[in-house]
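A short worksheet on the structure shown next.
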Amino acid sequence: MSPIERPLVLLHLLLVLFLTLKVTSLPTTEVQALIKWKNSLSSPLNSWSLTTMKNLCNWTGIVCNTAGSVAEINLSDLGTNGTLDQLDFTALPGPIPGSLVSSLQKIEYLNLTANFFQGSLPINLSKLVALKDLRLGDNSFEGGIPNEIGLISSLHILELYDNPLGGEIPSSLGQLGMLQRLNLHTAGLNSTIPHELSYCTNLTFINLGLNSLNGSLPPSLSNLTKISELIISNNLLSGEISPYLITSWEQLIRFYLHDNSFTSKIPQEIGRLTKLQYLDLYNNQLSGSIPPQRLGTSKIC
Ligand SMILES: *[C@@H]1O[C@H](CO)[C@@H](O)[C@H](O)[C@H]1NC(C)=O
Ligand SMILES: *[C@@H]1O[C@H](CO)[C@@H](O)[C@H](O)[C@H]1NC(C)=O
Ligand SMILES: *[C@@H]1O[C@H](CO)[C@@H](O)[C@H](O)[C@H]1NC(C)=O
Ligand SMILES: *[C@@H]1O[C@H](CO)[C@@H](O)[C@H](O)[C@H]1NC(C)=O
Ligand SMILES: *[C@@H]1O[C@H](CO)[C@@H](O)[C@H](O)[C@H]1NC(C)=O
Ligand SMILES: *[C@@H]1O[C@H](CO)[C@@H](O)[C@H](O)[C@H]1NC(C)=O
Ligand SMILES: *[C@@H]1O[C@H](CO)[C@@H](O)[C@H](O)[C@H]1NC(C)=O
Ligand SMILES: *[C@@H]1O[C@H](CO)[C@@H](O)[C@H](O)[C@H]1NC(C)=O
Ligand SMILES: *[C@@H]1O[C@H](CO)[C@@H](O)[C@H](O)[C@H]1NC(C)=O
C-alpha cells in the first residue's frame with residue numbers, strides 16, 4: 001500500500017463505521033418491529049417479510065387506515081405460539097419517504113384471541129395509546145394485569161379472559177372512561193372488585209366470572225347505569241346485593257351471580273328491572289323470593 005492509499009483506506013473505514021453506526025442507531029420502523037416479532041413466533045406468517053414491505057397493508061392479519069398506517073392486527077385463531085416480548089410497541093415511523101412504513105402506535109385494534117401466546121403482558125403495551133380494542137383472550141398469558149393498562153385511555157373493549165394471569169383487577173381500570181366491554185373471566189384473579197370501576201360509566205358488559213374474587217360489591221358501582229350484562233358468577237364474593245345497586249342498573253338484561261357467598265334478602269327491586277331476561281342467583285346464601293313480576297318473563301335459576 002502506498003503512503004497515499006493509506007489515508008484513503010482509513011477514510012473509507014471511518015466512512016463505513018460512520019454509516020454502520022448511523023444505520024444501527026435508526027429507530028425501529030413498524031415493518032422491522034413486526035418482522036422481528038414474527039421471527040420470534042411459531043406461526044406461518046409468510047406474507048410478513050422485508051421483500052413485501054411495500055404491501056404491508058396486505059400482510060396476513062394487518063389492516064391499514066387510509067393514511068397507510070397499521071390500524072389493526074388480527075392474528076386470532078392462527079395457532080400462533082410465542083410471546084409479546086419481541087414486539088417493540090414503541091416502533092417509530094420509518095425513514096423511507098413515501099413508503100407505507102409508519103408508527104405502530106396508531107394501532108386501534110389488536111386481536112390475538114385463541115392462540116398459544118404466553119409470558120407476561122408487557123408494560124409497554126400501554127404505549128399503544130390509540131388502541132380502542134384489545135382482545136387477548138384464550139391464550140396462556142400469566143404474571144398479572146399490569147397497572148399500566150389504565151394508560152390506554154381510548155380502550156373501548158378489553159378482553160383478557162381464559163388466561164392464567166392471576167393477581168388483581170388493577171384499580172387503574174378506573175381510568176378507562178371509554179370502556180364499554182370488560183371480559184376478564186377465568187383469569188385466576190383473586191382480588192376484590194375495585195370500587196374505581198365506578199368511573200367507567202360507559203360499561204355495558206362486564207364478565208368477571210370464574211375467578212377467586214372476594215369481598216363485596218362496591219356501592220359505587222351504582223354509577224354503572226348503562227350496564228346490560230353483568231356476570232360475576234363462580235367467585236368468592238360475599239355481602240349483600242343492595243337494593244340501591246339494583247335500582248341503578250335499569251338496563252340489565254343478563255345478571256349472573258350464582259356460585260358465590262352473597263347473603264341478604266333477594267332485593268324486591270329486581271321486579272322493577274323491566275329489561276331483565278336472564279337471572280341466576282343459584283348457590284348463594286340468599287333468602288326470600290323472586291318478585292312475582294319477574295316470574296314468567298325471565299329465565300330464572
Ligand atoms: C394483496 O393480496 C392479494 C391476494 O393475497 C393479491 O391478489 C393482491 O394483488 C395483493 N395486493 C397488493 C397491493 O399487493
Ligand atoms: C379476525 O380474524 C378472525 C379469524 O381469522 C376472523 O374470523 C375475524 O372476522 C377477523 N376480524 C376482523 C375484524 O378482521
Ligand atoms: C377476534 O378473534 C376471535 C377468535 O378468532 C374471533 O372469534 C373474533 O370474531 C375476533 N374479533 C373480531 C372483532 O374480529
Ligand atoms: C409453545 O412454545 C413453548 C416454548 O417453546 C412450549 O413450551 C409450548 O409447549 C408451546 N405450546 C404449544 C401449544 O405448542
Ligand atoms: C419499553 O419502551 C421503552 C421506550 O419507551 C424502551 O426504552 C424499553 O426498552 C421498552 N421495554 C421493553 C421491555 O421492551
Ligand atoms: C393471588 O394470585 C397471586 C398471583 O397468582 C398469588 O401470588 C397469590 O398468592 C394469590 N393470593 C391468594 C390469597 O390466593
Ligand atoms: C363515555 O363515552 C362518551 C362518548 O363515547 C365520552 O364522551 C365520555 O367522556 C365517556 N365517559 C367517561 C366517563 O369517560
Ligand atoms: C360516577 O361517575 C362520574 C362520571 O360520570 C364521576 O364523576 C363520579 O366520580 C363517579 N362516582 C363514583 C362514586 O364513582
Ligand atoms: C380476600 O381474601 C384474602 C386472602 O384470603 C384476604 O386476606 C382478604 O382479607 C379477603 N378480603 C375480603 C374483603 O374478604
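Atoms considered below: every heavy atom in the structure, side chains included; atoms not considered: hydrogens, waters and symmetry mates. Bear in mind that the values here come from a model prediction, so they are computed numbers and not experimental data. First listed ligand is number 1; within each ligand, the first listed atom is number 1.
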| message | Here's a test for you: under side-chain contact (heavy atoms from CB on, under 4.5 Å), which of Leu257, Asn260, Thr192 qualifies with Leu237? | response | Asn260

| query | Considering only heavy atoms of Thr201, which atoms of ligand 8 have at least one such atom less than 4.0 Å away? | reply | 2 (O), 5 (O)

| field | side-chain contact (heavy atoms from CB on, under 4.5 Å) partner of Leu279, the single match among Ile253, Leu252, Ile270 | value | Ile270

| request: Decide whether the shortest distance between a heavy atom of Gly167 and an atom of ligand 6 is less than 4.0 Å. | output: yes

| query | With sequence neighbours left out, which residue pairs that include part of residues 184-193 fulfil the salt bridge (Lys or Arg N to Asp or Glu O under 4.0 Å) condition? | reply | none

| request: Please check if atom CG in Leu236 has more than 12 non-hydrogen atoms from other residues, nucleotides or ligands closer than 6.0 Å. | output: yes

| If you count the atoms of ligand 6 from 1 in the order shown, which ones are under 4.0 Å from a heavy atom of Gly166? | 5 (O)

| query | In terms of hydrophobic clusters joined by side-chain contacts under 4.5 Å, are Leu203 and Tyr199 together? | reply | no

| Asn223 N/O to ligand 8 N/O under 3.5 Å | yes

| query | Do any nitrogen or oxygen atoms of Ser198 come within less than 3.5 Å of a nitrogen or oxygen of ligand 8? | reply | yes

| request: Please work out which of the three classes, parallel, tilted or perpendicular, describes the rings of Phe141 and Phe117, given edges at 30° and 60°. | output: parallel

| query | Applying salt bridge (Lys or Arg N to Asp or Glu O under 4.0 Å), which residue pairs with at least one partner in residues 243-271 are found, sequence neighbours left out? | reply | Glu229-Arg254

Which donor-acceptor pairs under 3.5 Å do side chains of residues 173-191 form with protein atoms, sequence neighbours excluded?
unit_1: Arg181; atom_1: NE; unit_2: Glu159; atom_2: OE2; d: 2.9
unit_1: Asn183; atom_1: OD1; unit_2: His185; atom_2: N; d: 3.4
unit_1: Ser191; atom_1: OG; unit_2: Ile169; atom_2: N; d: 3.0

Does ligand 3 have any N/O pairs with the protein under 3.5 Å, and how far apart?
unit_1: ligand 3; atom_1: 2 (O); unit_2: Ser76; atom_2: OG; d: 3.0
unit_1: ligand 3; atom_1: 2 (O); unit_2: Asn111; atom_2: OD1; d: 3.2
unit_1: ligand 3; atom_1: 2 (O); unit_2: Asn111; atom_2: ND2; d: 2.5
unit_1: ligand 3; atom_1: 5 (O); unit_2: Ser76; atom_2: OG; d: 2.9
unit_1: ligand 3; atom_1: 11 (N); unit_2: Tyr109; atom_2: OH; d: 3.3
unit_1: ligand 3; atom_1: 11 (N); unit_2: Asn111; atom_2: ND2; d: 2.9
unit_1: ligand 3; atom_1: 14 (O); unit_2: Tyr109; atom_2: OH; d: 2.8

